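Only one structure is covered here, and it is reproduced in the block below.
Model, not experiment: these values are computed from the prediction. Below, read A as the first sequence line, B as the second, and so on, with proteins coming before strands; counting in each chain starts at 1.
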Amino acid sequence: MISFLQIDLPALLVGTLAALVCALIGNFLVLTRQSMLGDAMGHVVLPGIVIAFVLAGTTATWVMLAGAFAAALFSALLVEFLRRATRIEASAALGYVFTAMFALGVLLLEQSGVARTTFDVHHILYGNVETAIWPAATGFSSLFDATALASLPPQLGRLVFGLAVVALIVVLLFKELRIVSFDPDFARTVGIPPQLIGAVVVSLAALAAVVSLSAVGVILLVAMMVCPPATARMLTDDLKTQVWLSLLFALASGVLGYAAAVLLPLAFGYEISLGAAGTIAVIAGLFQLFAMLFGPKRGLPKTV
Amino acid sequence: MAELHPLLKVLLLQAGYNTIVVMLGAAALGAATGIVGVFALLRRRALVADAVAHATLPGVALGFIAAVALGFSGRNLSFLLAGAALTAVLATLSIQWIANRTRLTEDTAIASVLATFFALGIVLLTVIQTLKTGGQAGLDIYLLGATAGMLREEAILLALFSLLAAAIVALLFKELTLISFDADYARAHGFPVRLLDLAILGLVLVVIVIGLRIVGLVLIVALLITPPAAARFWTDHTGRMTIVSAAIGAFSAYFGAAISAIRPDTPTGAVIVLVAFALLLVSVFFGAARGIVVRAIGARRLRGAS
């Protein structure tokens, strides 16, 4: 039981919270044809996080956030500059900026010696849900013990903060987000600026990316921004229902995926371990596959 | 004579036969991606290529498992690349099925296929890492690329496939150019546009798979799309653009391979991509056809004349 509290509970919480925050904002990315934004975000913030860490020498939340936002902003400006200068479609401009930024991040990691001590490039790629541990837990009483709770892994606090901010803004701006996602022209006629709302969505996606990246890695973040919302979209036309369903699928993927990572090898009697970030994302993909095959709303006309 | 700087020595092909073969193999690969990339970029396949590249990971892992199960070395390049090609094709078909048969848009299809396939690859890699067999450490290099430990035969194999890809583009050059600029016109004149698009996708697949060893699957898409983007600043003529793009791709890969010859622990793919991106920035400013500087001078001349 104690090992559950020390090892499984924090990892389960980290995986599930990251799934929830990414899925929530992912709904609006999927509707506005920006599904690859999560992928781009996950790549471009890496050099920002590394530089911020090297400069400040700490992984405090605000340092990570500042570095990541600086990198995201720099990349956005670079994409815009290249898109105008090269007159090549935006997705290609995005493509060469995010690969170059990620390459820079990888080299900085290797050269600065940060690798192996604080983050590892393989953790960023594969995910590292399992590194969230809570050694201070001694029993269920620890759940109510302030000193033990204070030593919960820091990425948990970042994820809770990110989820709270994203949820709050989505609730407050739900009407605007719905109108802009489905009909930006109509939004303009009723006095809602689509660009401003679009910028809010991108900023929230950046926040979700930053709090998840160092906790679970790029791939879980990309999977969660797309798969649960896409799954939900195969089941309903109503946005509110879609958002709730996507959160449900994110939660289910987090719990089932983590359980699969821990229990599947045991069930087959092998001495192996599965990466939980991978299993969570695969479960989310399987949900989407079933929804695409059998969902009631899977094949309606693409004009939304 | 003073001792040459180690990097210069490697760049000038004075670093031993094996290194030379590997560097020339890398250059051939860079040229092939530069050539194929021109059409991938013009036909808007950049993001599909990225998804397909990431989708090779489960294939590499399955290739490793199959090789070990059949009693070969897990690092047998043929098994790994065959596996990679298999899941890359599967991913391409999945993207097309999702985009055509469900109401999800293409970007969502691309992102979800990329994430799910890559995640499956991660799960398989973690399985492999706990298997009681040697060589699994070697699989890491397929993520970010490496030239360290590369065999001469491997480099020659990559170079041959690169030449093959370049030869196919040369044969179909007129048709590919036509569908890239005016698909409707090509269709009206009876060109098999779907088939040619499929050919482009097939070539993208080939260069991605052969690029895995040196550039890695995370960044290979950059070597496809960055050189042609840079080449556009030097010429408006598609033929010349393809040649410039090939040269930029070849130089980037050659340079990256040289760096990793003197610093084997540096991920080769990251260096290659940064070199290509630096060349893109240089081209944006100083390119002879559309560079910012050239255009500014042109605009001043125009004002001076009036």
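The aromatic rings of A/Tyr96 and B/Phe277 lie tilted to each other, with the angle between the two planes from 30° to 60°.
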A/Lys297 and B/Arg103: side chain to side chain contact (heavy atoms under 4.5 Å, CB included), yes or no, with the steps?
CA-CA 8 Å; A/Lys297 304 286 181 183; B/Arg103 67 171 172 174; 3.3 Å; yes
Report the C-alpha separation of A/Phe81 and B/Val284 in whole Å, then their side-chain angles, then the decisive distance to 0.1 Å, and conclude whether the side chain to side chain contact (heavy atoms under 4.5 Å, CB included) test is met.
CA-CA 10 Å; A/Phe81 164 72; B/Val284 166; 3.9 Å; yes
B/Thr108/A/Met36 under side chain to side chain contact (heavy atoms under 4.5 Å, CB included): CA gap, chis, key distance, verdict
CA-CA 7 Å; B/Thr108 305; A/Met36 286 297 276; over 6 Å; no
Determine whether B/Ile110 and A/Ser35 satisfy the following criterion, side chain to side chain contact (heavy atoms under 4.5 Å, CB included), listing intermediate values before the conclusion.
CA-CA 8 Å; B/Ile110 292 171; A/Ser35 297; over 6 Å; no
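Taking B/Ala230, B/Ala46, B/Ala222, B/Ala278 one by one and counting their heavy-atom pairs under 4.5 Å with chain A, the maximum is reached by B/Ala222. In terms of heavy-atom pairs under 4.5 Å with chain A, the best-connected choice from B/Leu114, B/Val221, B/Ile292, B/Leu124 is B/Leu114. In terms of heavy-atom pairs under 4.5 Å with chain A, the best-connected choice from B/Val273, B/Val271, B/Leu125 is B/Val273. Ranking A/Leu220, A/Leu289, A/Leu104, A/Ile280 against chain B, the residue ahead of the rest is A/Leu104, based on heavy-atom pairs under 4.5 Å. Ranked by non-hydrogen atom pairs under 4.5 Å with chain A, the options B/Leu224, B/Val113, B/Val218 are led by B/Val218. Heavy-atom pairs under 4.5 Å with chain B peak, among A/Ile219, A/Leu37, A/Val226, A/Leu221, at A/Ile219.
Contact of the B/Asp50 side chain with the A/Asp39 side chain is registered, since non-hydrogen atoms from C-beta on lie closer than 4.5 Å.
A/Ala100 and B/Leu274 get closest at one heavy-atom pair: O-CD2, 3.4 Å. Between B/Ala119 and A/Gly278 the shortest heavy-atom distance is CB-O, 3.6 Å. The two residues A/Cys227 and B/Thr116 make their nearest non-hydrogen contact at SG-OG1, 3.9 Å.
When each of B/Leu120, B/Val123, B/Ile122, B/Thr126 is tested with A/Thr279 by the rule side-chain contact (heavy atoms from CB on, under 4.5 Å), just one qualifies, namely B/Val123.
Looking at A/Arg33, its side chain never comes within 3.5 Å of a backbone N or O of B/Glu106 through a donor-acceptor pair. Between the B/Asp107 side chain and the A/Gln34 main chain, a donor and an acceptor come within less than 3.5 Å of each other.
Of the two parts of B/Ile272, neither the backbone nor the side chain holds a non-hydrogen atom closer than 4.5 Å to a non-hydrogen atom of chain A. For B/Arg263, the part lying near chain A is the side chain, with the backbone staying farther off; criterion is any non-hydrogen pair under 4.5 Å. For B/Thr266, the part lying under 4.5 angstrom from a heavy atom of chain A is the side chain only. For chain A, the nearby parts of B/Ile225 are the backbone and the side chain; heavy atoms of each come within less than 4.5 Å.
Counting non-hydrogen atoms of other residues, nucleotides and ligands closer than 6.0 Å to CZ of B/Arg295 gives a total above 12.
In this structure, the separation between OG1 on A/Thr99 and CG on B/Leu223 is 10.0 Å, given to the nearest 0.5 Å.
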